[in-house]
Number of protein chains: 2
Amino acid sequence: MLKYQQIAKEIENYIYSNSLPQGTKLPTVENFAFDYKVSKSTIVKALESLVLKGIIYQVQGSGIFVRRRNRTGYIDFNILAGFTSSLKEFKITSKVLDFDIIKADNKIAQLLECNLNDEIYKIKRIRYINNEIMCYEESYYKKSVVPYLTKEIAKESIFEYLNSALNLNMGFSDRYFNIIKLDKHIANLLELNPNDPAMSVLEQIYLSSGIMFNFSKIIYHYKHTQFYSQSTSIK
Amino acid sequence: MLKYQQIAKEIENYIYSNSLPQGTKLPTVENFAFDYKVSKSTIVKALESLVLKGIIYQVQGSGIFVRRRNRTGYIDFNILAGFTSSLKEFKITSKVLDFDIIKADNKIAQLLECNLNDEIYKIKRIRYINNEIMCYEESYYKKSVVPYLTKEIAKESIFEYLNSALNLNMGFSDRYFNIIKLDKHIANLLELNPNDPAMSVLEQIYLSSGIMFNFSKIIYHYKHTQFYSQSTSIK
DNA sequence: CAGTGGTCTAGACCACGTC
DNA sequence: ACGTGGTCTAGACCACTGT
C-alpha cells in the first residue's frame, strides 16, 4: 500500500474511532508531515483523497476540519457500483429470476459499447434489504471481460466477486435516472401496484482501462429505498 | 488564474472544440509539460481535475484518453448547486410563490445548522424549463451569510447572484433523495394529480469555509426531469 | 524492455484568514 | 504579522502496459 493511502486510512480511522464531530479541527499539514515522517506533498495528497470522499474539508489559511457524520441506510450515488458497500449494516440478498448467456442485439451493443453478437451474460434479479424488496435489476456483463459467472454467484454480490475473485479494477461509472409510474409487470415483481412511483436507473460501469463491462437497468422500490449524493467543488 | 487551472481549461476546450470522440488518445504527460513549459507535476494536477470532472481518464502505463461525450437535458447531481449550469441550453425561469424573512424554528435550526430565531430567508418557487414545470422548491438562506436578497433576484438564478454579486465561494453539498407519491397540495402546484410519482430532494449547501448557508426541499416533476450522476474511483 | 502514468522528496514561494 | 493551506519546480524512482 502506498504511503499516502496508508496515511489517509489512518487519519480516517482516527476520525471515526474517536467519533470526532463535524467541524473538529485536525492537525496542520506541517504537523502531519512531521508525525508521519513524510514530505508535505504526501500529506497534501492523502488529505485530498479524504476531501473527495467527503470526510474532511480544508480551508486555506485556516485549517483542516472534519466534515460529515455517518449517515446510514442511504444508497450512495457517489460510489462506483453496488450497494453492498454503502449498505454494509444491512442484509442484502437476491433472488435470481433469469440467468442467461445471449448474443448482443443492436440495443445492447450500443448500451454496452460492444459488437453485435458478442456474448453477454444477462441476469434478472430481485434484490432485498433486510428481507424487504429493494429493487428489480436487469444487468448485462460482457463475457469477454467476465469469463466465468454462475447463478450461485448472482445470488450474492456480483461486484464482490468481480473485485476479489477476478481482480477487476473498476474505473468510473455513469448513472442516468428518472421517475416513472410502474407498469403492471414490474409492479408485480416489486409487489406494488401499477402506477405506483419508482425510480428507474441506467448504470454503465467501466474498468480502469476505460472498457465498459456492465450496464444495468434498476427499478427501485419507492418505500424501501432512499439515496444520498455529495459534491465537492473542483478547483 | 493558476497555471494548472489555465492548462486544464485549454485541454478541455481543445477536446470540445475538436469534438474528440470517446477513447481518443491525448498527448503524454511529458509532452504536455514540454508544450506548456511547466513541470510534470503541474500537468499531473491539471489532468487530475479533468479526471474528476469526468472529461478524461488515465490508464497507468498506457495513456490519457477522452471520456464522455456531452449529454444534454440531464440535471447533474455532481454539480454543487443549481441547474443553471447543467441546463445551460434551456430556458430556466421561476415563479416566486412566497418570499419572506422568518425566524428559525427548531426544525429549520437543525437543518440549517444555525441557532433558534436566527433570521432566515424563506422562498417558495415553481421553476420552469422551457416553460414547462420542472419542480417546486422551498429554500432557506441564512441572512447572516446572504445579507441582501429580493423577490426580483429570486425570479432569476439565486446562485448566479450569490456567485457573481456577493462573491460567495461554494465548498460542498449533500443531497438526500427519495421517491414519493404527490399529495394534493404539491400535485396542484405541479399541475399533476395526487398520487402521481415524484422525486423529493433535500439539498444542503456549504461555503468553502464549511458554513452551511442554504438548504432546499425540491419536488421534481416526473415528466419533465431526468438526472445524471457519475463516479470516479478514488485511489 | 521501452513507454507512460504515478509517487515521493525538499524546498521556494503564493494566497488566504485570523488576531 | 503570522499561521496555514495551496502551487510549483526539478528530479529520482516506482508500477503498469504493450510490443
Side-chain angles (χ1 to χ4, degrees), chain A residues 1-9 11 23-52 55-67 145 167-172 206-211 232-235, chain B residues 1-9 11 23-52 55-67 145 167-172 206-211 232-235:
Chain A
M1 176 163 272
L2 297 164
K3 276 190 192 178
Y4 81 90
Q5 291 175 333
Q6 182 60 38
I7 292 169
K9 207 169 123 184
I11 296 175
T24 306
K25 191 172 184 193
L26 297 174
T28 65
V29 173
E30 207 180 355
N31 272 235
F32 273 131
F34 181 83
D35 289 349
Y36 285 105
K37 294 180 178 52
V38 295
S39 77
K40 189 181 158 185
S41 320
T42 302
I43 296 296
V44 167
K45 190 105 205 268
L47 294 173
E48 236 168 36
S49 78
L50 293 177
V51 168
L52 289 173
I55 293 167
I56 61 169
Y57 61 93
Q58 293 171 284
V59 184
Q60 185 166 109
S62 176
I64 303 159
F65 306 88
V66 173
R67 181 168 164 193
V145 177
N167 223 6
L168 290 183
N169 286 314
M170 316 282 172
F172 47 91
Y206 295 78
L207 298 177
S208 56
S209 64
I211 295 173
T232 307
S233 78
I234 299 166
K235 275 168 307 191
Chain B
M1 177 163 271
L2 297 166
K3 276 192 191 177
Y4 82 90
Q5 291 175 333
Q6 183 59 37
I7 292 169
K9 206 169 123 184
I11 296 174
T24 306
K25 190 170 185 194
L26 297 174
T28 64
V29 173
E30 206 180 358
N31 271 233
F32 274 130
F34 182 82
D35 290 350
Y36 285 104
K37 295 180 178 51
V38 295
S39 77
K40 188 181 159 185
S41 320
T42 302
I43 296 296
V44 166
K45 190 105 207 265
L47 294 172
E48 236 166 39
S49 78
L50 293 176
V51 168
L52 289 174
I55 294 167
I56 61 168
Y57 60 92
Q58 293 171 283
V59 185
Q60 184 165 111
S62 176
I64 302 160
F65 305 88
V66 173
R67 180 168 164 192
V145 177
N167 223 6
L168 291 183
N169 287 312
M170 317 279 171
F172 47 91
Y206 295 78
L207 299 176
S208 56
S209 63
I211 294 174
T232 306
S233 77
I234 298 166
K235 277 169 306 198

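Here is the naming used below: chain letters follow the sequence lines, and residue numbers restart at 1 for every chain. The figures here come from the full heavy-atom set of this structure, side chains too, leaving out hydrogens, waters and symmetry mates.
- The NZ atom of A/K235 lies 11.0 Å from the CD atom of B/E48; values are rounded to the nearest 0.5 Å.
- At most 12 heavy atoms of other shown residues, nucleotides or ligands fall within 6.0 angstrom of atom CD in A/E30.
- The CD1 atom of B/I56 sits 14 Å away from the C1' atom of C/dT4 (whole-angstrom rounding).
- Listed for the A/K25 side chain is a donor-acceptor partner under 3.5 Å among the backbone atoms of A/S62.
- Within the 4.0 angstrom heavy-atom criterion, only backbone atoms of the sugar-phosphate kind lie near A/V59; the bases stay farther away.
- Residue B/Q5 contributes atom CD, which lies 8 Å from atom P of D/dC8 at whole-angstrom precision.
- Atom P of nucleotide C/dG5 and atom CD of B/Q60 are separated by 10 Å, given to the nearest angstrom.
- Rounded to the nearest 0.5 Å, atoms NZ (A/K9) and CE (A/M1) are 4.5 Å apart.
- Residue A/M1 contributes atom CE, which lies 15 Å from atom C1' of C/dG6 at whole-angstrom precision.
- Contacts of A/L47 with the nucleic acid, taken as non-hydrogen atoms under 4.0 Å apart, are absent.
- Listed pair A/Q58 / D/dT4 fails the phosphate criterion, with no side-chain N or O lying under 4.0 Å from OP1 or OP2.
- Heavy-atom distances to DNA chain C give each of B/N169 and A/L2 a nearest nucleotide, and the one nearer the 5′ end belongs to A/L2.
- Nucleotide D/dC8 holds its P atom 13 Å from the CD atom of B/E48, rounded to whole Å.
- If you measure from atom OH of A/Y4 to atom C1' of D/dA15, you get 13 Å, rounded to the nearest angstrom.
- Position along DNA chain C of the nearest nucleotide to B/V44 versus B/S208 favours B/V44 as the more 5'-ward residue.
- Note: B/I11 CD1 to B/Y4 OH = 13.0 Å, rounded to the nearest 0.5 Å.
- From B/Y206, atom OH reaches atom OG of A/S233 across 14.5 Å, with rounding to the nearest 0.5 Å.
- Taking atom CD1 of residue B/I43 and atom C1' of nucleotide C/dT4, one finds them 14 Å apart after rounding to whole Å.
- Between atom CD1 of residue B/I56 and atom OG1 of residue B/T24 there is a gap of 12.0 Å, rounded to the nearest 0.5 Å.
- In the helix from C/dC1-D/dG18 to C/dT18-D/dA1, the rotation axis of the first five pairs and that of the last five pairs differ in direction by 20°, rounded to 10 degrees.
- Across the protein-nucleic acid pair, B/K3 atom NZ and D/dT7 atom P stand 13 Å apart, rounded to whole Å.
- Nearest-nucleotide positions on DNA chain D for A/G63 and A/S41 put A/G63 closer to the 5' end.
- Between the base of D/dG6 and the side chain of B/K45 there is no donor-acceptor pair shorter than 3.5 Å.
- Between B/K235 and C/dG6 there is a side-chain N or O to OP1 or OP2 distance below 4.0 Å.
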Self-check item: Worked check of side chain to side chain contact (heavy atoms under 4.5 Å, CB included) between B/R67 and B/T232
Solution: CA-CA 11 Å; B/R67 180 168 164 192; B/T232 306; 3.8 Å; yes
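- Atom CG of A/L26 is separated from atom CG of A/L47 by 8.0 Å, given to the nearest 0.5 angstrom.
- DNA chain D is contacted by A/T28, A/V29 of residues 23-33 of chain A, taking any non-hydrogen atom closer than 4.0 Å.
- Comparing B/K40 and A/G61, the nucleotide of DNA chain D nearest to each residue sits closer to the 5' end for A/G61.
- Side-chain contact check for A/V38 versus A/Q6: every heavy-atom pair is 4.5 Å or farther apart.
- Side-chain proximity of B/S39 to D/dA10, C/dA10, C/dT7: nearest is D/dA10.
- Contact annotation: B/S62 side-chain N/O to D/dT17 OP1/OP2 distance is not under 4.0 Å.
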